Amino acid sequence: MLVDPLDRPERIGLLRRAGLVGGGTQVVAVGLDHRVRSEEELSRRLALWNVRAVPDGTTLDTALAAPPAPTQPRRVLLLGGSRSGKSAEAELRLAAEPYVTYVATGSRGEGDGEWAARVRAHRERRPAHWATVETTDLTGAIRAATTPLLVDGLGTWLAAVFDECGAWEGDRAPVAERCDELVAAWRGTTQRIVAVSDEVGMGVVPATASGRAFRDELGRLNERLADESEYVALVIAGRPVRL
């Protein structure tokens, strides 16, 4: 069976989902072209999807005899600024999984056409067979997970928690409790999880006390989750830089 992993890696996930590609099946990429910017990036993507490559001058038998790709990290945190490509990188990492639950923590954009368009663009970019859960109960979603999770993102989740707790101008202790619960769930998860968050340390100082409180809380949450993660990267201009 032939598929184009560089164009539609989610098709590998569909084959795995249908049982046509199992744990012992060798997925081999041949005749690769130059749509990916470098051999290093090509190797990185194929490893994410558990696909072997057959480099020029290498026989198929040699490629199949090579050691398998390393096991992917269980907990991944991707940081980045606005329009940095962090969401696309998160989707890339799980593209070939047979089952993925996308946890959307932001609003649907009712009454805000521009925001609704952003949400729609994200939804259309995701593989159609992924499940989607829209919730601010992120801790519950992680604890109940039976498939790999993609969480997008922690900044919108924290903003929703501030709203729910009335913490913009009031007591912020409930926010800290929710963050404690999230970190504990993240630490204890047995499923693969990839979460996207905003890097808050490179922007201007917010003009309001509530804005500064949000920035500080998100920065602390990022640091705590990073400490519990096997892989953390800062995404800049679409390129992940491992931290």
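The figures that follow rest on heavy atoms only: side chains count, while hydrogens, waters and symmetry mates do not. All figures in this text were calculated on a predicted structure; none of them were measured in a lab. Count residues from 1 along the sequence.
- Atom-to-atom distance recorded for D137:CG and R143:CZ is 9.0 Å, nearest 0.5 angstrom.
- The cluster map of Ile, Leu, Val, Met, Phe, Trp and Tyr, joined by side-chain heavy atoms under 4.5 Å apart, puts V196 and L182 in different clusters.
- Between atom CZ of residue R45 and atom OG of residue S43 there is a gap of 11.5 Å, rounded to the nearest 0.5 Å.
- Considering CG of L154 and CG of L225, their distance stands at 6.0 Å, rounded to 0.5 Å.
- When all heavy atoms of A95 and W49 are compared, the pair lying nearest together is CB-NE1, 3.9 Å.
- With K86 contributing its side chain and L234 its backbone, the two residues share no donor-acceptor pair below 3.5 Å.
- In this structure, the side chain of D152 does not engage the main chain of Y102 through any donor-acceptor pair within 3.5 Å.
- R16 places no side-chain N or O within 3.5 Å of a backbone atom of V21 that could act as its donor or acceptor partner.
- Scanning both residues, Q191 and T147, for their nearest heavy atoms gives OE1-C, 3.3 Å.
- The minimum heavy-atom distance between L218 and S197, with the atom names listed, is CD1-OG, 3.6 Å.
- With a 4.5 Å cut-off on side-chain heavy atoms, R93 and Q72 count as touching.
- The shortest distance between side-chain heavy atoms of D227 and E223 does not fall below 4.5 Å.
- One hydrophobic cluster, built from ILVMFWY side chains closer than 4.5 Å, holds both L48 and V27.
- Between L149 and A141, the shortest heavy-atom distance links the atoms CD1-O, 3.9 Å.
- A donor-acceptor contact closer than 3.5 angstrom links the side chains of W186 and S229.
- In this structure, L6 is a member of the same hydrophobic cluster as I12, with clusters built from ILVMFWY side-chain heavy atoms closer than 4.5 Å.
- Taking R172 as the reference, nothing meets the salt bridge (charged side-chain N to carboxylate O under 4.0 Å, His left out) condition, with sequence neighbours excluded.
- With hydrogens and angles disregarded, no donor-acceptor distance shorter than 3.5 Å links the side chain of T189 to the backbone of A185.
- Between R44 and E41, at least one side-chain nitrogen of the basic residue sits less than 4.0 Å from a carboxylate oxygen of the acidic one, meeting the salt-bridge criterion.
- The shortest side-chain heavy-atom distance between V103 and W157 does not fall under the 4.5 Å cut-off.
- With sequence neighbours left out, the salt bridge (charged side-chain N to carboxylate O under 4.0 Å, His left out) criterion links D180 to R224.
- For R75 (side chain) and E228 (main-chain N/O), a donor-acceptor pair under 3.5 Å exists by modelled atom type.
- One hydrophobic cluster holds both L221 and L138 under the rule that ILVMFWY side chains link at heavy-atom gaps under 4.5 Å.
- When all heavy atoms of D171 and P174 are compared, the pair lying nearest together is O-CD, 3.6 Å.
- Under a hydrophobic-cluster definition in which Ile, Leu, Val, Met, Phe, Trp and Tyr are linked whenever side-chain heavy atoms come within less than 4.5 Å, directly or via other members, L243 and I236 are assigned to the same cluster.
- Scanning all heavy atoms of the two residues, the minimum distance from T105 to G153 falls at OG1-O, 2.6 Å.
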Expected list for residues 161-169: side-chain donor-acceptor pairs under 3.5 angstrom, two or more places apart:
residue	atom	partner	partner atom	Å
D163	OD1	W168	NE1	2.6
E164	OE1	R178	NH1	3.1
E164	OE1	R178	NH2	3.2
E164	OE2	T136	OG1	2.6

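- Comment: R220 engages E217 in a salt bridge, judged by a side-chain N to carboxylate O separation of less than 4.0 angstrom.
- For the atom pair CG (L20) and CG (L14), the distance works out to 10.0 Å, reported to the nearest 0.5 Å.
- Side chain of E97 to main chain of R17: no donor-acceptor pair is present (N/O by atom type, distance under 3.5 Å, no hydrogens or angles).
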